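Beneath this line is the structure, given in structure tokens, with notes to follow.
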Amino acid sequence: MKKLLPVILISILYSCQNSAQTKKEQQTVTNTEDPIEVPLKNGKARAYFASGCFWCVEAIYESVKGVEESISGYSGGHSKNPTYSSSNTGRTGHAEAVEIIYDPKVVSFETLVDIYFASQNVTQVNGQGNDRGSQYRSIIFYQNEDQKQIILKKKTALAKKLDVKIAAEVYPFKKFWIAEDYHQDYEKLHPNHPYIQNVSIPRLNRFKAKFPKEFLKEEAH
């Protein structure tokens, strides 16, 4: 289960993991490999993103119109059947990732990429906030050449606009491994968890405050 860092400094109080990676042992897919394209199923498409803690990213995408479901898991590495404990070693090459099931007639892949960049610190390498290590790195996965070009153009434009280096890696999609059941819908099911209260919900609210409202689901009252 995700843990909180000991109370040493306020600035490092909340983190998905309570031990930093001490050695970078990372083997990932080769970026020049051909991607695997996931076919539409019942009119729904799938997209894959990694952007720090999957609890946070799952909730962000589920706030978007046209997104049917967001599933937490692992992708981008070399080992088979990764688990939460094995991915946290940084040795599997996998990052915490999400599978987005969406209606392409309602929300486009291009918009999903915009959401990706708008919901994170785009300059942080190997992590988001206090969640640090290769398992928390930012990756956008593409399934075909059109998606790859959309990602690269947006990444280049954002780097030019902000005059910074964008940390997100761009990988061909290979396989998504679904995370353990207790990770699914974690923010929704555990709204009072300290990490959810202090990291996940604030991150979601920061995203919703700056992203165009027409793309967001209406909040339940």
Side-chain angles (χ1 to χ4, degrees), residues 1-24 26 48-64 67 69-77 82-92 94-101 115-139 167-168 176-211 216-221:
M1 181 178 291
K2 308 251 178 181
K3 302 177 182 178
L4 298 179
L5 285 172
V7 182
I8 299 175
L9 295 173
I10 296 299
S11 63
I12 61 170
L13 179 60
Y14 295 103
S15 174
C16 277
Q17 183 191 12
N18 70 345
S19 62
Q21 181 182 359
T22 58
K23 184 178 180 181
K24 188 176 180 181
Q26 180 179 334
Y48 301 87
F49 304 95
S51 176
C53 172
F54 47 25
W55 293 352
C56 299
V57 187
E58 180 185 78
I60 287 166
Y61 275 102
E62 288 192 345
S63 73
V64 175
V67 173
E69 189 174 2
S70 180
I71 300 171
S72 290
Y74 314 98
S75 195
T83 63
Y84 180 66
S85 59
S86 68
S87 72
N88 269 341
T89 66
R91 300 187 180 99
T92 68
H94 289 292
E96 291 194 7
V98 292
E99 178 182 55
I100 308 303
I101 302 174
I115 291 163
Y116 176 82
F117 284 125
S119 61
Q120 63 176 285
N121 175 354
V122 297
T123 65
Q124 186 171 345
V125 177
N126 280 342
Q128 285 293 304
N130 294 315
D131 298 318
R132 299 177 182 178
S134 64
Q135 68 271 29
Y136 295 118
R137 71 193 187 279
S138 292
I139 310 171
F176 178 78
W177 304 88
I178 297 177
E180 297 84 344
D181 287 346
Y182 73 87
H183 285 301
Q184 309 304 328
D185 292 318
Y186 199 90
E187 180 175 311
K188 187 184 300 181
L189 297 175
H190 304 85
N192 296 318
H193 188 287
Y195 182 88
I196 298 301
Q197 285 285 319
N198 291 279
V199 179
S200 187
I201 291 176
R203 181 176 172 182
L204 172 62
N205 288 337
R206 287 194 300 271
F207 160 72
K208 292 169 73 172
K210 66 181 180 180
F211 207 77
L216 304 178
K217 296 174 182 175
E218 294 184 6
E219 295 185 9
H221 297 287

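What you see is a predicted model, and the numbers here were worked out from it, not measured in a lab.
In this structure the side chain of Glu99 never reaches within 4.5 angstrom of the side chain of Glu69, judged on heavy atoms. Side-chain contact between Gln197 and Asn192 is present, with at least one heavy-atom pair separated by less than 4.5 Å. At a threshold of 4.5 Å between non-hydrogen side-chain atoms, the residues Pro82 and Trp177 count as touching. Tyr116 has its side chain out of reach of Val98: every pair of non-hydrogen atoms, C-beta onward, lies at least 4.5 Å apart. At least one side-chain heavy atom of Val57 sits less than 4.5 Å from a side-chain heavy atom of Arg203. Side-chain contact between Leu204 and Ser63 is present, with heavy atoms from C-beta onward closer than 4.5 Å. Annotation: side chain of Gln128 is in contact with side chain of Asn121 (closest heavy-atom distance under 4.5 Å). Residues Ile71 and Phe176 are in side-chain contact: their nearest non-hydrogen atoms beyond the backbone lie under 4.5 Å apart.
Nearest heavy atom pair, residue Thr92 against residue Ser87, reads OG1-CA, 3.7 Å. What you find for Gly76 and His94 is that their closest heavy atoms are N-ND1, 3.7 Å. Among all heavy-atom pairs drawn from Ser134 and Ala95, the shortest one is O-CB, 4.1 Å. Closest heavy-atom contact between Ser119 and Ile60: CB-CD1, 3.7 Å. The minimum heavy-atom distance between Lys217 and Val67, with the atom names listed, is NZ-O, 3.0 Å.
Note that CD1 of Ile201 and NZ of Lys208 are 10.0 Å apart. Values are rounded to the nearest 0.5 Å. How far CD of Gln184 is from CD1 of Ile178: 7.0 Å, rounded to the nearest 0.5 Å. In this structure, the separation between CD on Gln135 and CZ on Phe54 is 10.5 Å, given to the nearest 0.5 Å. Here the straight-line distance linking atom CG of Asp131 with atom OG of Ser51 works out to 10.5 Å at 0.5 Å rounding. Here CZ of Arg91 is found 11.0 Å from OG of Ser86. Values are rounded to the nearest 0.5 Å. Within the model, atoms SG of Cys56 and CZ of Phe207 stand 13.0 Å from one another, a figure rounded to the nearest 0.5 Å.
Between the side chain of Gln124 and the backbone N or O of Gly129, at least one donor-acceptor pair lies under 3.5 Å.
The salt bridge (charged side-chain N to carboxylate O under 4.0 Å, His left out) check on Glu62 picks up Lys188, with sequence neighbours excluded. Checked against side chain to side chain donor-acceptor pair (under 3.5 Å), Tyr74 has the following partners two or more places apart in sequence or in another chain: Glu180.
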For this session: Decide yes or no on side-chain contact (heavy atoms from CB on, under 4.5 Å) for Tyr182 and Leu189, but give the supporting numbers first.
Result: CA-CA 10 Å; Tyr182 73 87; Leu189 297 175; over 6 Å; no
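Taking the six-membered ring wherever Trp is involved, the centroid distance between the rings of His193 and Trp55 falls below 6.0 Å. In this structure, Tyr186 has its ring center no closer than 6.0 Å to that of Tyr195.
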